[in-house]
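Contents: one structure, followed by commentary.
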Amino acid sequence: MGIYTDYPDYLYKNDGVYNDGGIYKEGTGDYETVTFGGIEYGICQIGDLLWTTENLKNYTSGAKYFQDSQLYKDLGYLYPTVSIVSATNTQSPFIENLVHDGWRVPTKADLETLLDVPVNDLKNDRWPSPGDNSSGFSGYPSGTCSHGGAWGDINIFVMISQTLTYGSDAWYGQLINGGYSVLANGRALVDEGQRLRSVRLCKDA
């Protein structure tokens with residue numbers, strides 16, 4: 001199964017959920033991966049960007065598993081805004097110390113590159129209304145935690161944008177079962193950094 005890439009010798013192989021997959025180089029038996037803080041992540045290419053095929057799983061203060069259950073540890077952590085960004089278009093010290101080689105929290109412009117990708121191509125088969133994941137992105141439901149601390153629907157998958165900052169427009173990307181909204185705005189809910197969301201990382205290919 002091909003992916004959205006200009007490199008024909010790379011294929012996406014979906015041999016599992018969450019921890020398997022990524023960019024597969026034919027003839028080598030190897031997946032292309034990237035490691036952050038000792039945790040290995042699969043990667044895929046969509047257009048001119050590389051994306052992690054899993055949500056961020058590195059712990060920092062304030063990060064939580066969905067509904068505080070480690071049964072969801074494969075979904076990655078949900079992070080408060082203050083753990084991800086510290087100023088307009090500025091990544092937090094946690095992210096800056098974790099990423100390398102051009103990897104970053106996606107900006108609004110990065111998220112906009114997903115607008116032309118059909119939602120089913122981004123979603124894997126673990127959704128109530130599943131996708132085919134032909135992009136290799138492996139978007140899966142991970143839930144949220146609201147500004148007031150209530151847990152959101154597990155059928156919502158969200159990425160934090162680098163433009164989530166205090167006193168600024170808080171753009172983020174989300175996939176919702178039965179719907180598709182790559183870009184959304186939630187300024188009123190995130191200025192105090194209490195809304196928890198999942199995180200994907202990207203970089204220029």
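We're numbering straight along the sequence, starting at 1.
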Non-neighbouring partners of Ser83 that pass side-chain hydrogen bond (donor to acceptor under 3.5 Å, both in side chains), sequence neighbours left out: none
Side chain to side chain contact (heavy atoms under 4.5 Å, CB included) involving Tyr65 - partner list, sequence neighbours excluded: Gln70, Lys73, Tyr77
Value rounded to 0.5 Å, distance of CG in Asp116 from CD1 in Ile46: 11.5 Å
Min side-chain heavy-atom separation Asp204-Arg104 under 4.5 Å: yes
Proximity of Phe137 and Trp51 rings by center, below 6.0 Å: yes
From CG (Leu78) to OG (Ser142), nearest 0.5 Å: 6.0 Å
Any residue meeting side chain to side chain contact (heavy atoms under 4.5 Å, CB included) with Ser69, in chain and number order, not counting sequence neighbours: Leu71, Tyr72
Contacts of type side-chain hydrogen bond (donor to acceptor under 3.5 Å, both in side chains), residue Glu96, not counting sequence neighbours: Gln91
Side-chain touch Tyr59/Ile39, heavy atoms, less than 4.5 angstrom: no
Nearest atoms (heavy-atom pairs only) where Pro80 meets Ala63: CD-N, 4.1 Å
Under 3.5 Å: donor-acceptor pair, side chain of Thr35, backbone of Gly38: no
Least distance between heavy atoms, Arg126 atom then Pro141 atom: O-CG, 4.0 Å
Short N-O contact, Asp132 and Lys123, less than 4.0 angstrom: no
Heavy-atom closest pair, residues Asn55 and Ser198: ND2-CB, 3.5 Å
Any donor-acceptor pair under 3.5 Å from Tyr79 side chain to Lys64 backbone: no
Ring pair (Phe, Tyr, Trp, His ring centres under 6.0 Å) involving Phe36 - partner list, sequence neighbours excluded: Tyr41, His100, Trp103
Least distance between heavy atoms, Gln45 atom then Leu50 atom: CB-CD2, 3.6 Å
Approximate separation, where rounding is to 0.5 Å, of Asn133 CG and Leu122 CG: 8.0 Å
Inter-residue atom distance Arg200.CZ - Leu114.CG, 0.5 Å rounding: 10.0 Å
Sub-4.5 Å side-chain heavy-atom contact between Ile84 and Ile95: yes
Nearest-0.5 Å distance that lies between atom CG in Asn97 and atom OG1 in Thr60: 9.5 Å
Check against ring-ring contact (aromatic ring centres under 6.0 Å, His included), Phe66 and Trp151: CA-CA 7 Å; Phe66 182 76; Trp151 296 106; 5.5 Å; yes
Nearest heavy-atom neighbours spanning Pro130 and Pro128: CD-O, 3.4 Å
Val99, Val105, Val199 screened by side chain to side chain contact (heavy atoms under 4.5 Å, CB included) with Leu56, the one that passes: Val199
Sequence-distant partners of Asp68, side-chain hydrogen bond (donor to acceptor under 3.5 Å, both in side chains), two or more places apart: none
Test log, rule side chain to side chain contact (heavy atoms under 4.5 Å, CB included), inputs Ser92 and Val85: CA-CA 4 Å; Ser92 69; Val85 295; 5.7 Å; no
Nearest-0.5 Å distance, OG of residue Ser138 to CD of residue Glu54: 8.0 Å
